[in-house]
Each structure stands twice: as C-alpha cells, then as structure tokens.
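Below is one structure, written out as structure tokens; comments come after it.
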Amino acid sequence: MGGHLPSHIAVIMDGNGRWAEGRGLPRTEGHRAGAEAVRRVITGCRAAGIRHVTLYAFSSENWGRPRKEIRHLFSLLKEFLGKEIPLMEGKGIALNVLGDTTALPPGARAAVTRGIRRTSGGKGMTLNLALNYGARAELVRAARSFVSEGASPGDVTEQSLAGRLDTAGQPDPDLLIRTGGECRLSNFLLYQCAYAELYFTPVLWPDFREEHLHAALEDYAARSRRFGRI
Ligand code: FPP
C-alpha cells in the first residue's frame, strides 16, 4: 500500500443477519461469523499501519432487537474480549469505547472496563468499539457537559466540542466503510465524518476479508481530498 493511507478507518459492519439467513442459520450465527471478521480486520489494519480503527458494534437503536439476539451479541462481545485482550496487549493495541456504557449488561460492561485498563499502554493502534453508540446522543452529552460547566457561548468552538466527543484526542475518520449494500450513515460519527471518504460495498460483513480491506484502501488512495477547497 502506498503512502496515502488513512489514519483512521471507521466501519459500519452490516449484513450479519442476511449472511446467516442465506445459509438457513439463525441470525446469531451471523454475528458469530461477524466476530471472526472483526478479528481479521483488526489484524489487517494493524498490518497495514492504520493507527485508529472504529467499529460500530452496537448502536443505541439496536436495543429494539429481540432480547435473545441482544443477549447473544453481548455474550459474543465478552467472549471476544476474553480472547483478544491478552493478544491486543501483546500487539500494543489500546481498546477504547464510544457510546454510553452505563446501560450495558453488567458483565459486558466489566469486561470492557477491564479491557480498557489492561490495554491502556498500547501505542501501536487504538481500537474504538462503538457500544450503545448514537451520534446524536453523543452530541447531546457533549452539549450537556458545556452547560454543566457553565460555559459561555464563546467557549463553544469546533475544537472544544470535538474535545467532548467520545473520540476526543483522536483524528477524524478519513475513510468510512459500510458493508452489506446499504448506503447510509445510521447515526454513526456524524460530527467526526464531516470530511470522511465514504466506501460502500455489497459484501456482507462476515464475508469481509483482508482482500476487501485492501480494495477499500486502494479506492481511498486514488481519491483526491479537497476539504472544501479547489
Ligand atoms: C449488523 O448486522 C451488525 C450488528 C448489529 C452487530 C455487529 C456485531 C458483530 C460484527 C459481532 C460482534 C462484535 C464484536 C466486536 C465481537 P445485521 O444483523 O443488521 O445484518 P442484516 O442487515 O443482514 O440483518
């Protein structure tokens, strides 16, 4: 891959359910296969030299899914963290979470907190998992923090607002990938993706492999980013 590499890739991992249904399997099997794709993509991004990766693992709207599916998703998350955190520690990958974790099931929340603590020294890459995340709710939390500090209008700047978002201190995503064929943002990183390059692929998330990541990176490398200038 050439020098034109995104610093930050964000991914909307869509298509687990359809992947499973296409095989006559329960949707939960699609999520399990999706967790394998998560492993592959983290490894691929690390090998490519991407410094920040953000994965939309559970949106604030996903609470509307059947209870069994929600339970399965959080139990997969715990299983994933149990296996991956020691490996991430070894590879210098720091875990970070975007979203309001106070509403997560206690076991999942504890696993996330432990994972963040154990990997906090990681300097190679930051893995952001968006859990109970919604961009509008994130902006509301940021606005509330200004109000609770008694900020005056002049205190509210693009920079100070960005510093109150869950991605504070990290660069904005350069590339947003959405799998599964839909072409929408689904309340994901709306502030941070102002200038992100968007890449939509019909590939269902559990089928997403390193070759698909490289195709997205090549597509990104060929784009000319002007940030509103000519
Ligand atoms: C969308 O597929 C995917 C999700 C709602 C959850 C993403 C979860 C994973 C990839 C697995 C677990 C994650 C980790 C970090 C271990 P969908 O169910 O909406 O698919 P559909 O559009 O085909 O129905």
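Not measured: the values here are computed from a predicted model. Counting convention: from 1, in listed order, for ligands and their atoms alike.
- At a 3.5 angstrom cut-off on N or O pairs, Arg27 counts as close to ligand 1.
- Shown in contact with Ala57 at under 4.0 Å from a heavy atom are these atoms of ligand 1, numbered in order with element: 6 (C), 7 (C), 8 (C).
- Between Glu182 and Arg184 there is a salt bridge, with a side-chain nitrogen of the basic residue lying less than 4.0 Å from a carboxylate oxygen of the acidic one.
- Figure legend: Arg164 and Phe146 shown as a cation-pi pair, the cationic atom lying under 6.0 angstrom from the six-membered ring centre and within 45 degrees of its axis.
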Practice item. Could you walk me through whether Arg40 and Glu36 pass salt bridge (charged side-chain N to carboxylate O under 4.0 Å, His left out), step by step? Key: CA-CA 6 Å; Arg40 290 196 297 269; Glu36 289 307 317; 5.6 Å; no
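- Heavy-atom separations between Arg65 and ligand 1 include at least one value shorter than 4.0 Å.
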Practice item. Apply the test salt bridge (charged side-chain N to carboxylate O under 4.0 Å, His left out) to residues Glu138 and Arg141: give CA-CA distance (whole Å), side-chain angles for both, the deciding distance (0.1 Å), then the verdict. Key: CA-CA 5 Å; Glu138 178 191 35; Arg141 274 189 276 117; 5.8 Å; no
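- His8 places none of its side-chain heavy atoms less than 4.5 Å from the side chain of Asp172.
- At under 3.5 Å, not a single nitrogen or oxygen of Trp205, backbone or side chain, sits near a nitrogen or oxygen of ligand 1.
- Ring orientation note: the planes of Trp63 and Phe58 are nearly perpendicular, at an angle over 60° on the 30°/60° scale.
- Regarding atom 1 (C) of ligand 1, its nearest protein heavy-atom neighbour is Met13 O, 3.1 Å.
- Linking ILVMFWY residues whenever their side-chain heavy atoms come closer than 4.5 Å, directly or via other members, leaves Ile9 and Tyr191 in distinct clusters.
- Considering each of Leu55, Asn16, Ile70, the one bringing a non-hydrogen atom nearest atom 2 (O) of ligand 1 is Asn16.
- The shortest contact between atom 11 (C) of ligand 1 and any protein heavy atom is with His31 O, 3.4 Å.
- Linking ILVMFWY side-chain heavy atoms closer than 4.5 Å, directly or via other members, places Leu127 and Ile116 in a single hydrophobic cluster.
- The residue among Ser59, Gly17, Ala20 with a heavy atom at the shortest distance from atom 20 (O) of ligand 1 is Gly17.
- Between Pro105 and Lys78 there is no side-chain heavy-atom pair separated by less than 4.5 Å.
- Atoms of ligand 1 lying under 4.0 Å from at least one heavy atom of Asp14, given by number and element, are 1 (C), 2 (O), 17 (P), 19 (O), 20 (O), 21 (P), 22 (O).
- For atom 14 (C) of ligand 1, the nearest protein heavy atom (residue, atom name, distance) is Val38 CG2, 4.3 Å.
- Heavy-atom distances between Gly180 and ligand 1 stay at or above 4.0 Å for every pair.
- For ligand 1, the polar-atom distance check finds no N/O of Tyr56 at less than 3.5 Å from any of the ligand's N/O atoms.
- The distance from ligand 1 to the heavy atoms of Asn62 drops below 4.0 Å at these ligand atoms: 5 (C).
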